[in-house]
Peer 1: 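Encoded as structure tokens, here's the structure I'll be asking about.
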Protein chains: 2
Amino acid sequence: MKPTIKDIAAESGVSIATVSRVLSHKTGTYSEKTQAKILAVAKRLGYRKNSTAVELVKKKAAIIALIINATPTNFSTQIIDGIQRRAGELGQGVIILYAGNRNAELQHQAIVTALERAVSGILLAAIEPDAEDLTLLKESHVPFCFVSVYLGTDKVLAVSSDNEKLAATATDYLLDHGHTHIGLAGVDTYHTGSQRIAGYRRALAARDIQETTIKYGDYSYESGRQLLAEFLPLKVTAIIAASDMVAAGLLNAAQEAGIAVPEQLSLVSIDGTDICRITTPALTSLTQDFYQIGAQSVDRVLGEAAATFVPVKLVERGSVKRVG
Amino acid sequence: MKPTIKDIAAESGVSIATVSRVLSHKTGTYSEKTQAKILAVAKRLGYRKNSTAVELVKKKAAIIALIINATPTNFSTQIIDGIQRRAGELGQGVIILYAGNRNAELQHQAIVTALERAVSGILLAAIEPDAEDLTLLKESHVPFCFVSVYLGTDKVLAVSSDNEKLAATATDYLLDHGHTHIGLAGVDTYHTGSQRIAGYRRALAARDIQETTIKYGDYSYESGRQLLAEFLPLKVTAIIAASDMVAAGLLNAAQEAGIAVPEQLSLVSIDGTDICRITTPALTSLTQDFYQIGAQSVDRVLGEAAATFVPVKLVERGSVKRVG
DNA sequence: ATAGGCATTGTAAACGTTTACGTAACGTGC
DNA sequence: GCACGTTACGTAAACGTTTACAATGCCTAT
């Protein structure tokens, strides 16, 4: 049997209360002598605390639940890394619950699982919640925060890039390079996509361009490959890709179709992961600070001060050419 | 306050035992009538079970702990996906504990955390354990299984590709294409690396080639970039890369140095993730079945029948040329 | 001497479940 | 009418901690 504080108490001739106080560092409530004695016995017995029991009596787990889509997004590791690190600094553990791939049932299940454990906060990364999930979360009175998704309202916590500004920046950048026929590829139909479309529209409108060319997708490489064909007849000279993977898909499809990038077609990618460096040419990108997004979301959900939007950086590589 | 079974019991005029029996589906121990009554009350009260309490009394959590390196390996999502799915089928939840980046302290901490929760099994993905970790795990009497790492002995559970065979296959493939000066790039100095080196050596020796060219690294893109320069003076005509990222690094460094792939240098990559399709040319790879590795490791750690080695597939793309 | 304060420890209840055991009611077969 | 089995349910202990409260001993100031 695994030793408990009871065993330690018996072995060292004190009560379990004293053992508990020493082991949970309630300094000032025990003498150095008993501390030493208890610590020695604990070590000798190979004692390991039972977190389950602690959580039961405290009615609170020092744990943040991260619910995440199973979509193999290449940035998720950076987000997780940021969350993990910051949580550790604040004395919190992290458990990750996978929500399948846009599977409403699994997503719901993941939230319930988190709720069953009395976690100190719930983080939802790259998740688009349905109404039911949202009420479930609200009624639970457990703080929750969306990560890399901004619901368009400050009423629900979120940490994300400012997608509208991001898309506007990308569009402006292309406009500044002389492009006037600019496409937007691979955006989704939810919050993130809409915000990016809005920014794209706004930037174009500011220069009196009404023509917009928007193709929806799912952020995947395949999505990018397929979408290129749809842009071809539309005479765009530049495309903003909704993710690095979409950009890579567009790029490779273009090369196969004999279209040179950036000579005949400019590409700006959104995300800025390693993928951008791997392709030929390397992809100019709006690089999101995923690590920071993750770290900040921890602060947010635990009630520490932190901003909703994390700045984005434009990184010039080799996929955009000046025209006109 | 969150409602408990006590509240349900009071509300429906039965004992908490009966409520518990209904709620935990101990079929045959209650009448349909009471079941209906209790379920109704539970729903009305918005009851949610307290997993912590359940785990405390059962002394067992229906949870598998996955300890994983924070190294942004692009295959980890596939492994996690496999684990998650299979665990779900077996009624187990998954919590992921990040172990930092080859940080012995954090790694140790992660194991302790898992042990504190009485999990049903511990999975260690891409982790090279030190002696201390190993004894800690062994003494805990919690089943554990290494994922994508084979310690070279069947005494400790593992699910992995057969690295020796994998490397031999890659080498043979290159030999069959006429290459005789073959390099091996980016392998580590631990189990995985040694096994691959052994396979590489064995395949070469089988054709009476004694010359080996091995460069160590850390599986990263940067690692690949740097390593190319070291191979240049050695006149190899083909290189086996220890990961897709290393291959991408080699490829791009080669292109920058004016060396055409595959015309002047052939490349075989190990892993076979999406990265292989993104580069130009696409990378011929020994593709590991990470999803299966993950899924099978769950079976393994829970005591179900499953093999240690998961087959690897050679996928021909465009980075190898026949010579001689 | 006495009261008060402080340091240290012990007692016992509480957290929300599960489950072994006991019991009552109700047939059923004889 | 009796023994017995079955069904349905209740009682109470247990899981391993934390912590409010009480108790003890000792020191100090009066």
Peer 1: Of the options C:dG10, D:dT19, C:dT18, whose atoms approach the side-chain atoms of A:Ser20 most closely?
Peer 2: D:dT19
Peer 1: Between C:dT9, C:dG16, D:dT18, spot the one nearest the side chain of A:Thr29, thanks.
Peer 2: C:dT9
Peer 1: Nearest to the side chain of B:Ala53, heavy atoms from C-beta on, is which of D:dC9, D:dT11, C:dT17?
Peer 2: C:dT17
Peer 1: Could you state the CD1-P distance from A:Ile5 to D:dT17, rounded to the nearest angstrom?
Peer 2: 5 Å
Peer 1: Let me spell it out: for each of B:Thr18 and B:Lys58, pick the nucleotide of DNA chain D with the closest heavy atom. Which residue's pick is nearer the 5' end?
Peer 2: B:Thr18
Peer 1: State which residue, out of B:Ile80, B:Ile67, B:Ile64, fulfils the side-chain contact (heavy atoms from CB on, under 4.5 Å) condition with B:Ile96.
Peer 2: B:Ile80
Peer 1: Rounded to whole Å, please give me the gap between NZ in A:Lys49 and P in D:dT17.
Peer 2: 10 Å
Peer 1: Which nucleotide in the list C:dT11, C:dT19, C:dG16 gets nearest to the side chain of A:Ser15?
Peer 2: C:dT11
Peer 1: Identify which nucleotide among D:dC9, C:dG10, D:dT17 has an atom closest to any side-chain atom of A:Tyr47, counting heavy atoms from C-beta outward.
Peer 2: D:dT17
Peer 1: Would you say A:Ser31 reaches C:dT9's phosphate, i.e. side-chain N/O to OP1/OP2 under 4.0 Å?
Peer 2: yes
Peer 1: Is it the case that over 12 heavy atoms from other parts of the model lie below 6.0 angstrom from the NZ atom of A:Lys6?
Peer 2: no
Peer 1: At 4.0 Å (heavy atoms only), tell me whether B:Ser51 reaches a base, stays on the sugar-phosphate, or touches nothing.
Peer 2: nothing
Peer 1: Whole-Å distance between D:dT17 C1' and B:Asn50 CG?
Peer 2: 14 Å
Peer 1: Do the side chains of A:Asp130 and A:Asp133 get nearer than 4.5 Å, heavy atoms only?
Peer 2: yes
Peer 1: Toward the 5' end of DNA chain C, which comes first, A:Ile16 or B:Val19, by nearest nucleotide?
Peer 2: A:Ile16
Peer 1: Going through the checks in order, is the side chain to side chain contact (heavy atoms under 4.5 Å, CB included) test met by A:Leu123 and A:Cys145?
Peer 2: CA-CA 5 Å; A:Leu123 257 23; A:Cys145 173; 3.8 Å; yes
Peer 1: Report the distance from atom CG of A:Asp7 to atom P of D:dG16, rounded to the nearest whole Å.
Peer 2: 9 Å
Peer 1: A:Lys59 has a side chain; which of C:dT9, C:dG16, C:dT18 sits nearest to it?
Peer 2: C:dG16
Peer 1: Donor-acceptor check, side chain of A:Glu11 to backbone of A:Ala42, threshold 3.5 angstrom: yes or no?
Peer 2: no
Peer 1: Rounding to an integer number of Å, can you tell me how far B:Lys60 NZ sits from C:dT18 P?
Peer 2: 17 Å
Peer 1: Looking at every non-hydrogen atom in both residues, tell me the closest pair between B:Phe290 and B:Gln78 and how far apart they are.
Peer 2: CB-CB, 3.7 Å
Peer 1: Within less than 4.0 Å of OP1 or OP2 of C:dC15, is there a side-chain N or O belonging to B:Thr52?
Peer 2: no
Peer 1: For B:Lys26, report the nucleic acid contact type (base, sugar-phosphate, nothing); a contact means any heavy atom under 4.0 Å.
Peer 2: sugar-phosphate
Peer 1: Please state how far atom CZ in B:Arg21 lies from atom C1' in C:dA20, giving the value in whole angstrom units.
Peer 2: 10 Å
Peer 1: Relative to the 5' end of DNA chain D, which residue comes earlier, A:Leu23 or B:Glu32, by the nucleotide with the nearest heavy atom?
Peer 2: B:Glu32
Peer 1: Which listed nucleotide (C:dT19, C:dT18, C:dG10) is nearest to the side chain of A:Ala17?
Peer 2: C:dG10
Peer 1: Nearest-Å distance, NZ (A:Lys6) to P (D:dA13)?
Peer 2: 13 Å
Peer 1: Closest approach to the side chain of A:Leu56, judged atom by atom: which nucleotide of D:dC9, C:dC15, C:dT19 is it?
Peer 2: C:dC15
